[in-house]
Structures are given as C-alpha cells and as structure tokens.
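One structure below.
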Amino acid sequence: MPKWLDNAVFYEIYPQSFRDSNADGIGDIPGIIEKLDYIRELGCNAIWLNPCFQSPFGDAGYDVSDYCQTAPRYGTNEDLKRLFQEVHRREMHILLDLIPGHTSVEHPWFRQSMRAERSDFTDRYVWTDSIWEHPEGMDCLCGISERDGACAINFFSHQPALNYGFYRPSRPWQQPMDAPGPRATLEAMKDVMRFWLRMGCDGFRVDMASSLVKNDPESKGTMALWREVRSFLAEEFPEAAMVSEWGEPDKSLAGGFHMDFLLHFGPSHYNDLFRCAEPFFSSRGKGDVSKFVETYRANYAKTGGTGLICIPSGNHDMDRLARRLRGDELKIAFAFLLSMPGAPFIYYGDEIGMRYVEGLTSVEGGYGRTGSRSPMQWDASVNAGFSAAPRDRLYIPLDQGSDRPTAQAQMADKTSLYHEVKRLISIRQEHEALHSGGTIEFVYAEENAYPLAYLRTGAAEQLLVILNPSAQAAAFPGAYIPARAVYQFGAQAEFDGERITVPPCSAGFYALA
C-alpha cells in the first residue's frame with residue numbers, strides 16, 4: 001500500500017460547487033487552487049476530486065465524453081496539471097474520479113460503436129445481436145442507430161456500458177473476458193490511467209467499481225480484472241492509490257484496491273448512523289448501532305483485519321450530515337468518523353455543518369441529491385464568497401438561510417464545528433493507533449443501547465474511544481483504567497475498575513496504561 005495512505009485524511013471536492021474564480025456561476029480548477037490552503041489548514045492532506053473530464057453533464061460529469069480532456073468549464077489540462085503541482089507543493093495528494101464502467105453517448109467510442117460496419121470500437125460496449133433482444137437483467141438503449149442491436153446501460157439511459165466481457169457468457173453476443181473487444185476496453189482504460197498519473201495525480205477513486213464484468217454474481221471476474229489493473233500499477237506507478245466505490249470490502253480489497261468505501265445503500269447499515277428516522281448519533285438516543293457494528297466486524301474479519309474500510313462524512317450522492325444532525329451531534333459524529341480505521345473522507349462543507357438545501361429542482365441529474373451539492377459557503381460576501389456571478393446564474397442555488405454557516409465565521413469561533421473537526425484531525429495525526437491501519441476491537445455496541453466503545457491499537461499505544469451522543473448518561477461494564485484523556489468533548493467518563501459511566505453528549509479518547 002502506498003505509505004501516504006497510512007495517515008491520509010481526504011477532503012472531497014465537487015468542483016462545480018467549490019469556488020468560482022471567473023464569475024460564470026460554476027466552480028473551476030483555479031478556484032480550487034485558491035482554496036488549497038484552507039483545506040491544508042483544516043488538516044486534510046489528501047483530496048478526492050469529483051469528475052472533471054469533458055462531458056455533456058447529464059450526470060454531473062459521470063457521463064464522460066473524453067477521458068483525457070478537462071471540461072472547459074473547469075479549465076484546461078494545464079490548469080489541472082497546475083492543481084496537481086500545487087497540491088504536492090503543500091505535501092498533499094490528490095485522487096481523480098475514474099469512471100470505467102460507462103461513458104456518455106457522446107463519447108467518440110460510442111459514436112463509432114453505433115455504426116453498422118465493423119471497426120475497432122464495435123465491441124467497446126455491451127451490444128446484443130438484435131434490436132429485438134434486450135440484455136437480460138440490464139436496462140438498455142435501442143433503436144438509436146443503424147446498428148442492429150440493443151446496448152446495455154450502467155445507470156442513466158445516456159450512460160452505455162463499456163464491454164469488459166461476461167464471466168459466464170450464455171448468449172452468442174456475450175463475449176468472454178479474454179475476447180479481443182473486452183481486452184481492448186481494459187487496455188484503453190489503462191491508457192487513461194497512465195495519462196493522468198504521468199501528469200501528476202496520485203491515483204483514483206473508482207466509480208461503480210463492481211459494475212465492469214457482466215453476469216458475474218460473485219464478482220470473481222471483476223476481482224480478477226482489478227487485480228490485473230493493480231499489477232499494472234505496481235509495475236509502472238507503485239505509489240498510485242486505488243480506492244473503490246464498491247461497498248463490499250472483502251471483494252474490493254481481494255481485487256487489489258487499497259481501500260473501499262462504505263456506501264449509503266447496500267448491506268453496511270451506514271445509514272443507521274446518520275441518515276435514518278432515528279440516527280444513532282442523534283441526541284434523542286433512540287438509534288441502534290449494533291447492526292452496523294455486526295456488519296463492520298464481519299467485513300473487517302474477511303479483509304484480514306486490514307482496517308481499510310473508508311467511512312465518509314457524506315458525498316455528492318447522500319443527504320448532508322446536517323440534514324438530520326445538529327450542533328453537538330455533528331461534533332460527536334466527527335469524533336467517530338475521525339477515530340475509525342481506514343482513511344476518513346470529509347465532504348466539502350460538512351466541516352462547517354452545511355445544510356441540505358430543500359426543494360431544489362434537479363440540476364444535471366442530481367434529482368434528490370441536488371440539495372447536497374449547493375455552493376460552498378465561504379464568507380458573508382456576495383453569494384457566500386462562492387462566485388461573483390449574478391445569483392440567478394449560479395450552477396445550483398445557495399442555502400438562502402440568514403443563519404447559513406460559513407467557513408469565515410466558523411474559523412473565527414473557537415467553539416465551532418470547524419475547530420472541533422480540525423482538533424480531531426490533529427489528534428488523529430498525533431496518534432498512530434488512530435491511523436488508517438490501526439486495529440479496532442469493539443468493546444460495547446449493544447442493540448438499542450448507548451454508548452459505543454472500541455479500542456484502537458497501534459504499535460506503541462492503545463486508545464479506548466467512547467462515544468455517547470445521547471442526551472442521557474449511559475454506562476457499560478469495563479475494567480479499563482486509562483492513563484489520560486487524549487481527546488475530550490463534553491464531560492469525562494468515570495472509571496471505577498468494573499464499570500464505566502459516560503456523561504450525556506460526550507466523546508472521549510482515553511490512552512490505556
């Protein structure tokens with residue numbers, strides 16, 4: 001694993017909503033460069049940049065029309081290269097968002113593949129042999145070209161699925177993974193990765209990483225494909241990092257990824273923590289963390305205890321943390337996020353408690369996600385410092401609340417969420433037990449009960465983390481007698497050698513003797 005991932009704390013930037021430097025209403029790469037010192041001062045030492053490639057933007061850039069060209073609205077390839085250089089100058093790293101499973105219908109590869117006559121791109125996508133046969137179990141495009149056949153799609157109807165083959169072909173048009181078409185697709189994606197790694201990026205967060213090989217119910221083919229990619233990277237770019245959007249770490253890590261995201265959908269019970277009717281981190285104290293911990297334990301065991309399971313504060317696909325949590329609840333939630341194994345990911349604006357903006361019309365395929373993609377709120381100036389464009393030209397409307405949080409105001413307030421997050425990142429970096437690879441053992445995570453407690457262990461120390469977001473005091477059995485508290489929010493827990501009593505709305509990291 002690249003050494004820099006050991007203590008990486010990522011900041012996710014949604015480029016169109018971060019900082020607009022040229023007053024056209026949409027964020028851009030020069031704007032990101034302007035704000036790198038803010039990210040570094042917070043304590044984050046790595047960046048995940050959402051898609052910035054050329055696109056018709058039917059899905060906010062996840063519908064790529066040219067993998068090797070920066071979208072003009074964000075700048076140029078030279079701007080992106082300068083971003084890489086400025087990130088590295090600050091001793092930070094940056095991942096680009098790779099979308100290997102599909103392209104836009106406007107990609108030249110797809111335009112070529114629609115033609116009736118054969119070419120190098122005929123088999124670049126998943127096509128049936130007849131317009132009347134649709135790919136079983138997959139949505140598709142049909143009746144769109146002179147070519148006889150229907151083309152599978154991966155997500156939206158304008159995102160045709162690239163062809164990496166079928167693990168178990170059952171129809172004549174289903175090509176095996178080692179057929180020339182699927183092999184050419186994989187080599188083309190390797191070339192895309194080479195292009196950006198040579199320019200200076202440090203790796204990729206891979207979108208829908210489990211979606212590549214079709215008819216692959218146990219992901220064996222997809223894992224084998226990614227192991228080949230990992231071997232290529234190990235040979236040519238050994239320091240490049242690979243983080244997957246997969247949600248099944250036992251599969252993604254076996255496939256060669258360095259880390260895997262827990263997702264807001266699927267079996268992880270991640271939503272039980274922050275995004276359900278009664279989140280565990282609500283002070284109402286009606287949440288349940290037990291199923292999340294049970295699933296996490298199982299995944300952790302399957303990955304050999306590597307701990308490389310990333311738990312994000314949120315991302316561009318989720319409700320904002322602050323849609324359901326408020327005030328001290330957010331601070332205790334971040335105490336959890338920044339004390340778990342795997343690299344934490346902070347979604348831009350979550351560190352200041354940016355809210356989900358209700359009632360927005362969908363922008364570029366956002367639909368219900370649009371409210372989590374509103375412009376970053378920097379200060380009290382025009383458009384919260386995001387852009388000097390007229391308000392009606394902003395990419396997505398701002399939070400119009402008079403009490404909307406801003407980075408400037410939170411940085412000036414030593415009791416703010418921003419400063420608590422900054423303090424937590426600093427403590428994480430100071431204690432090797434809290435780094436990505438430190439082990440974890442849950443010591444209290446009972447059904448419908450508080451608190452949550454776990455041990456983080458490194459080479460030279462062991463920390464007991466106790467989190468009680470409930471407004472009621474709680475207690476649990478434990479013979480631990482800590483030497484000192486290395487972090488405390490709220491009142492300190494009481495230890496009598498048999499039982500630990502935990503004050504309401506508190507979080508503590510305790511060094512054990």
Side-chain angles (χ1 to χ4, degrees), residues 3-13 35-48 87-94 259 281 307 310-314 321 327-354 405 407-440 454-467 469 482-493 505-512:
K3 185 66 178 173
W4 64 268
L5 284 178
D6 288 351
N7 68 338
V9 177
F10 282 88
Y11 192 88
E12 179 190 349
I13 295 176
K35 297 298 185 179
L36 287 177
D37 287 339
Y38 166 84
I39 298 169
R40 195 68 186 93
E41 185 176 344
L42 178 64
C44 294
N45 56 11
I47 289 169
W48 161 27
V87 165
H88 294 154
R89 191 167 66 82
R90 291 166 175 81
E91 299 183 336
M92 301 164 68
H93 293 84
I94 183 167
M259 295 188 182
F281 283 96
C310 305
I311 307 177
S313 70
L321 268 183
D328 289 350
E329 296 170 339
L330 288 168
K331 295 177 180 179
I332 298 170
F334 268 105
F336 166 78
L337 290 163
L338 290 164
S339 63
M340 287 291 286
F345 281 72
I346 298 173
Y347 185 47
Y348 82 95
D350 278 356
E351 76 279 6
I352 61 170
M354 275 182 60
Q408 182 184 57
Q410 294 235 337
M411 291 172 77
D413 177 5
K414 295 299 183 182
T415 68
S416 69
L417 176 61
Y418 167 90
H419 278 287
E420 201 64 32
V421 172
K422 182 176 179 179
R423 180 161 74 112
L424 282 160
I425 294 174
S426 177
I427 289 168
R428 181 184 178 94
Q429 299 296 27
E430 290 170 3
H431 293 273
E432 178 253 354
L434 296 176
H435 288 182
S436 295
T439 63
I440 186 169
Y454 45 90
L455 290 170
R456 294 295 315 278
T457 304
E461 67 175 346
Q462 188 172 58
L463 300 179
L464 175 64
V465 176
I466 306 175
L467 307 170
R484 62 192 175 94
V486 301
Y487 168 78
Q488 191 66 52
F489 177 77
Q492 188 165 318
C505 301
S506 66
F509 305 166
Y510 302 95
L512 301 182

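As the structure is a computational prediction, the values presented were derived from the model and not from experiment.
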Checklist entry - Side chain of Gln410, backbone of Pro405: donor and acceptor closer than 3.5 Å? => result no
Next on the checklist: Assess the residue pair Glu461 and Leu463 against the criterion (side chain to side chain contact (heavy atoms under 4.5 Å, CB included)); give the C-alpha distance rounded to whole Å, side-chain angles, the decisive distance to 0.1 Å, and a yes or no.
Outcome noted: CA-CA 7 Å; Glu461 67 175 346; Leu463 300 179; 3.9 Å; yes
Next on the checklist: Please evaluate residues Tyr11 and Glu351 with respect to the criterion side chain to side chain contact (heavy atoms under 4.5 Å, CB included), reporting the C-alpha separation (whole Å), side-chain torsions for both, the decisive distance (0.1 Å), and the verdict.
Outcome noted: CA-CA 10 Å; Tyr11 192 88; Glu351 76 279 6; 2.8 Å; yes
Item to check | Value rounded to 0.5 Å, distance of CG in Leu467 from SG in Cys505 | outcome: 12.0 Å
Checklist entry - ring pair (Phe, Tyr, Trp, His ring centres under 6.0 Å) with Tyr348: which residues, sequence neighbours excluded? => result none
Checklist entry - Should Lys422 and Glu41 be marked as a salt bridge (charged side-chain N to carboxylate O under 4.0 Å, His left out) after you check the CA-CA gap, both sets of side-chain angles, and the distance that decides it? => result CA-CA 8 Å; Lys422 182 176 179 179; Glu41 185 176 344; 3.7 Å; yes
Item to check | Tyr487 side-chain N/O to Ala335 backbone N/O, donor-acceptor pair under 3.5 Å | outcome: no
Checklist entry - Lys35: what forms a salt bridge (Lys or Arg N to Asp or Glu O under 4.0 Å) with it, not counting sequence neighbours? => result none
Next on the checklist: Does anything in residues 331-347 form a side chain to side chain donor-acceptor pair (under 3.5 Å)? List the pairs, not counting sequence neighbours.
Outcome noted: Ser339-Tyr454
Next on the checklist: Would you say that Ile346 contacts Cys44 through its side chain, given a criterion of any heavy-atom pair below 4.5 Å between the two side chains?
Outcome noted: yes
Item to check | Over all atoms of both residues, closest heavy-atom pair of Ile352 and Ala407 | outcome: CD1-N, 3.7 Å
Checklist entry - If you look at every heavy atom in Met259 and Ser436, which pair is closest and at what distance? => result CE-OG, 3.8 Å
Item to check | Test item: Asn45 and Arg40 side chains (from C-beta on) under 4.5 Å apart, heavy atoms | outcome: yes
Checklist entry - Is a side-chain N or O of His93 found less than 3.5 angstrom from the main chain of Ile47, in a donor-acceptor match? => result no
Next on the checklist: Taking the side chain as everything from C-beta on, heavy atoms only, tell me whether Arg89 gets closer than 4.5 Å to Leu36.
Outcome noted: no
Item to check | Which residues share a salt bridge (Lys or Arg N to Asp or Glu O under 4.0 Å) with Glu430, sequence neighbours left out | outcome: none
Checklist entry - Can Met411 and Tyr38 be said to form a side chain to side chain contact (heavy atoms under 4.5 Å, CB included), step by step? => result CA-CA 10 Å; Met411 291 172 77; Tyr38 166 84; 3.9 Å; yes
Checklist entry - Taking only residues two or more places apart in sequence, or in another chain, which ones meet Gln462 in a side chain to side chain contact (heavy atoms under 4.5 Å, CB included)? => result Leu455, Thr457, Leu512
Kindly list each side-chain donor-acceptor pair under 3.5 angstrom involving residues 3-10, sequence neighbours excluded, with atom names and distances?
| from | atom 1 | to | atom 2 | distance (Å) |
| --- | --- | --- | --- | --- |
| Lys3 | NZ | Asp6 | OD2 | 2.9 |
| Trp4 | NE1 | Glu239 | O | 3.2 |

Checklist entry - Quick one: does Leu424's side chain get under 4.5 Å of Phe509's, heavy atoms only? => result yes
Checklist entry - Any donor-acceptor pair under 3.5 Å linking the side chain of Gln488 with the backbone of Ala507? => result yes
Item to check | Nearest heavy atoms of Ala433 and Arg456, plus distance in Å | outcome: O-NH2, 2.9 Å
Item to check | Closest approach of Ile332 to Ser506 (non-hydrogen atoms, all atoms of both residues) | outcome: CD1-N, 3.6 Å
Next on the checklist: Please determine whether side chain to side chain contact (heavy atoms under 4.5 Å, CB included) holds for the pair Asp37 and Arg90, giving the CA-CA distance in whole Å, both sets of side-chain angles, and the decisive distance to 0.1 Å.
Outcome noted: CA-CA 8 Å; Asp37 287 339; Arg90 291 166 175 81; 2.6 Å; yes
Checklist entry - How far apart are the closest heavy atoms of Asp350 and Phe334, and which atoms are they? => result O-CE1, 3.6 Å
Next on the checklist: If I compare all heavy atoms of Ile425 with all of Gly43, which pair ends up nearest, and what's the gap?
Outcome noted: CG2-O, 3.4 Å
Checklist entry - Below 4.5 Å, heavy atoms only, C-beta onward: do Phe336 and Ile311 meet side chain to side chain? => result yes
